[in-house]
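Counting from 1, the numbers follow the sequence of the chain as shown.
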Amino acid sequence: MKKIILSLIAALCSITSFSQANGAATQQFFQLPIIPDSIQNFQRRCDYMLAHYWDFCDLKKAFSSRDKMADAFDMYLSFMPYATASDVFASVDNFFSRIAKQPQDVEFIASLAESRLYSDSAEYKSEQLYSHFLDNILKVKKINKESRARYQAQARILRNSQEGMTAPAFDFVDPEGRKTRFEPDPNQFATVLMFASPNSAEADLARLRLDADIKTTQLIESGIVKIYLIYIKDSQTTPASPKGWITGIAPGIETTYDISQNPMFYILNSSGTILKKGTEVEPLLSVMQQLRIPKKKKASSDNGQS
């Protein structure tokens, strides 16, 4: 990672004639583009780097060294957090247009993108960016069928569960064994979906912290917030539902929602739009503290008349 950062700084700062003459690519897999002196804005310099990053790379031969190509791809991703979104997407589109006829190379890039952008340990975790990679990956017709099925499933889940999307409806079974359906409730100010494994210590701790939070309890009692605790699989030791919560089991829900980590929280507004998602309980508790509990209306006076 240190080498990547140093290379990033060197690439962005290489504006001398010496760098131009020598390609600013000493010890690099291929020569990096030289950013014109006239571009001074840091973001614009990153935009330029992404637009021209692969210009001097022979992509038909570069994949013969998978390790070096992985390092080059990591450096490529390292510019993206600082660049304009439209330029990032355009660069990714152009990159795939150059390797689309090499399905094995596309699958290699797909595995790198999944690891760097989507996995639990992703260094540049971004669902929006990974979705764009998936769109390009799935355009390639000759990739492995099993790989295609996995990437299609990921694309579907991300379309359903990104922030800004409408939360999908789903069926679950309540503790009494009754089949119930969750649908966004327009009469509900805020809804929290908590997906968890019934035998997860992390999920149990998050549940206990939410249940013990006085403000959260008050919001539930006042009808401002509704919390659904949905277990992703059945268990003989499924914990009891906290007071005021709706609990159920929805096996297979991970094919509809992104539940790549345990627990996973979704905060929805009254129209069912996903406002925020994440695995930590602290941001959820912070949101609860910001919500207001409506004051109870005083009984109207009857002016002394009975």
Side-chain angles (χ1 to χ4, degrees), residues 114 118-120 125 127-128 130-131 134-135 138 148-200 202-207 210-211 216 219-220 223-281 283-284 287-288 291:
E114 182 175 9
Y118 187 60
S119 69
D120 292 349
K125 195 171 184 67
E127 293 183 355
Q128 185 180 25
Y130 185 58
S131 291
L134 286 175
D135 289 342
L138 292 172
R148 176 178 293 279
R150 186 173 80 257
Y151 294 133
Q152 285 175 331
Q154 289 178 349
R156 181 178 63 253
I157 291 170
L158 288 176
R159 280 195 299 270
N160 287 341
S161 57
Q162 285 189 65
E163 292 179 6
M165 302 295 188
T166 300
F170 60 89
D171 294 324
F172 64 93
V173 178
D174 70 15
E176 284 70 43
R178 296 171 298 197
K179 186 176 180 180
T180 308
R181 186 166 181 80
F182 164 78
E183 291 181 321
D185 184 354
N187 297 315
Q188 191 67 46
F189 183 80
T191 301
V192 175
L193 300 178
M194 177 181 174
F195 296 105
S197 169
N199 300 312
S200 166
E202 293 83 0
D204 288 346
L205 180 59
R207 173 177 55 82
L210 270 176
D211 189 29
T216 300
L219 289 166
I220 293 172
I224 298 297
V225 171
K226 184 180 290 185
I227 298 182
Y228 288 79
L229 174 56
I230 304 298
Y231 291 105
I232 61 177
K233 57 183 178 181
D234 201 351
S235 172
Q236 294 180 349
T237 58
T238 300
S241 172
K243 183 179 179 181
W245 292 29
I246 299 171
T247 304
I249 302 169
I253 190 64
E254 62 272 15
T255 64
T256 302
Y257 280 83
D258 171 26
I259 313 176
S260 54
Q261 298 185 58
N262 182 39
M264 183 69 82
F265 297 99
Y266 288 81
I267 304 177
L268 319 180
N269 65 10
S270 59
S271 62
T273 301
I274 300 171
L275 300 179
K276 191 173 183 62
K277 62 179 286 191
T279 63
E280 301 294 331
V281 71
L284 178 55
V287 170
M288 296 299 173
L291 297 179

Trainee: Counting neighbours of CD on Gln261 that are heavy atoms of other residues, nucleotides or ligands and sit closer than 6.0 Å, is the number greater than 12?
Mentor: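 Above 12, so yes.
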
Trainee: Between Gln154 and Leu134, is a side-chain contact (heavy atoms from CB on, under 4.5 Å) present by the stated rule, with each step listed?
Mentor: CA-CA 8 Å; Gln154 289 178 349; Leu134 286 175; 3.8 Å; yes

Trainee: Can you tell me how far CZ of Phe172 sits from CD1 of Ile253, rounded to the nearest 0.5 angstrom?
Mentor: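 If I round to the nearest 0.5 Å, the distance is 10.0 Å.
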
Trainee: Kindly determine whether Leu193 and Met264 satisfy side-chain contact (heavy atoms from CB on, under 4.5 Å), including the steps that lead there.
Mentor: CA-CA 8 Å; Leu193 300 178; Met264 183 69 82; over 6 Å; no

Trainee: Which residues pass the salt bridge (charged side-chain N to carboxylate O under 4.0 Å, His left out) test with Arg156, not counting sequence neighbours?
Mentor: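 With neighbours one apart ignored, the set is empty.
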
Trainee: If you take all heavy atoms of Arg207 and Met194, which pair is closest and at what distance?
Mentor: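 For Arg207 versus Met194, the nearest heavy atoms are N-CE, 3.9 Å.
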
Trainee: Side chains of Phe189 and Leu291: does their closest heavy-atom pair fall under 4.5 Å?
Mentor: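 Result yes, sub-4.5 Å side-chain heavy-atom pair found.
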
Trainee: Show your reasoning for whether side-chain contact (heavy atoms from CB on, under 4.5 Å) applies to Ile246 and Leu229.
Mentor: CA-CA 6 Å; Ile246 299 171; Leu229 174 56; over 6 Å; no

Trainee: As a test of understanding, state which of Val225, Ile227, Leu268 forms a side chain to side chain contact (heavy atoms under 4.5 Å, CB included) with Thr191.
Mentor: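 That would be Leu268.
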
Trainee: What residue pairs, at least two apart or across chains, pass salt bridge (charged side-chain N to carboxylate O under 4.0 Å, His left out) with a residue in residues 187-198?
Mentor: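 Sorted result for residues 187-198: empty, none.
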
Trainee: Test of understanding: with side-chain hydrogen bond (donor to acceptor under 3.5 Å, both in side chains), list the residues that count as partners of Glu280, not counting sequence neighbours.
Mentor: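 By the side-chain hydrogen bond (donor to acceptor under 3.5 Å, both in side chains) rule, Glu280 matches no residue at all.
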
Trainee: Roughly how far, to the nearest 0.5 Å, is CD1 of Ile232 from OG of Ser197?
Mentor: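 The OG atom of Ser197 sits 5.0 Å away from the CD1 atom of Ile232.
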
Trainee: Can Phe182 and Ile230 be said to form a side-chain contact (heavy atoms from CB on, under 4.5 Å), step by step?
Mentor: CA-CA 10 Å; Phe182 164 78; Ile230 304 298; over 6 Å; no

Trainee: Show me the pairs that pass salt bridge (charged side-chain N to carboxylate O under 4.0 Å, His left out) and involve residues 159-174, at least two apart or across chains.
Mentor: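 Residue pairs passing salt bridge (charged side-chain N to carboxylate O under 4.0 Å, His left out), neighbours aside: Asp171-Lys179, Asp171-Arg181, Asp174-Arg178.
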
Trainee: Checking Gln188 side chain against Ile224 main chain: does a donor-acceptor pair fall under 3.5 Å?
Mentor: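 Yes; judged by distance alone, with no hydrogens or angles, the pair exists.
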
Trainee: Do you see a donor-acceptor pair shorter than 3.5 Å between the side chains of Asn262 and Ser200?
Mentor: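 Result is yes, a qualifying pair exists.
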
Trainee: With sequence neighbours excluded, tell me which residues meet salt bridge (charged side-chain N to carboxylate O under 4.0 Å, His left out) with Asp135.
Mentor: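 Here no residue qualifies.
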
Trainee: With rounding to the nearest 0.5 angstrom, report the CG to CG distance, Asp211 to Asp204.
Mentor: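 Reported to 0.5 Å precision, the distance equals 12.0 Å.
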
Trainee: Suppose the criterion is salt bridge (charged side-chain N to carboxylate O under 4.0 Å, His left out): which pairs have a residue in residues 241-262, not counting sequence neighbours?
Mentor: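 Sorted result for residues 241-262: Asp258-Lys277.
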
Trainee: Which distance, rounded to the nearest 0.5 Å, do you find between the NZ of Lys233 and the CD1 of Ile249?
Mentor: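 Going from the NZ atom of Lys233 to the CD1 atom of Ile249 covers 11.5 Å.
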
Trainee: Quick one: OG1 on Thr247 to CH2 on Trp245, what's the gap to the nearest 0.5 Å?
Mentor: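 Going from the OG1 atom of Thr247 to the CH2 atom of Trp245 covers 7.5 Å.
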
Trainee: Would you call Phe265 and Phe195 a side-chain contact if the rule is heavy atoms closer than 4.5 Å?
Mentor: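 Phe265 vs Phe195: side chains apart.
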
Trainee: Minimum heavy-atom separation for Asp185 and Asn187, please, with both atom names.
Mentor: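 Looking at all heavy atoms of both residues, the shortest contact is OD1-N, 2.9 Å.
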
Trainee: Quick check for you: to the nearest 0.5 Å, what is the distance between Tyr151 atom OH and Leu158 atom CG?
Mentor: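 Tyr151 OH to Leu158 CG: 13.0 Å, rounded to 0.5 Å.
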
Trainee: Taking Thr256's backbone N and O only, do any of them form a donor-acceptor pair with Asn160's side chain (distance below 3.5 Å, no angle check)?
Mentor: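 Looks like yes, one N/O pair under 3.5 Å.
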
Trainee: If you take all heavy atoms of Ala196 and Ala203, which pair is closest and at what distance?
Mentor: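 Ala196 and Ala203 have their closest heavy atoms at CB-CB, 3.5 Å.
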
Trainee: With a 4.5 Å cut-off on side-chain heavy atoms, are Tyr228 and Lys226 touching?
Mentor: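 Yes. Closest side-chain heavy atoms under 4.5 Å.
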
Trainee: How about Lys276: does its NZ atom have over 12 heavy atoms from other parts shown lying under 6.0 Å from it?
Mentor: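 Counting neighbours around NZ of Lys276, 12 or fewer heavy atoms of other residues, nucleotides or ligands fall under 6.0 Å, so no.
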
Trainee: State, without any angle test, whether Gln162 and Ser131 hold a side-chain donor-acceptor pair at a distance under 3.5 Å.
Mentor: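 Their side chains do contain a donor-acceptor pair, which is all the 3.5 Å distance test asks for.
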
Trainee: For the pair Ser161 (side chain) and Ile157 (backbone), establish whether a donor and an acceptor sit closer than 3.5 Å, ignoring hydrogens and angles.
Mentor: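 Here the side-chain-to-backbone pair exists.
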
Trainee: Of all heavy-atom pairs between Ser119 and Lys125, which one has the smallest distance, and what is that distance?
Mentor: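 So the two residues come closest at O-NZ, 3.3 Å.
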
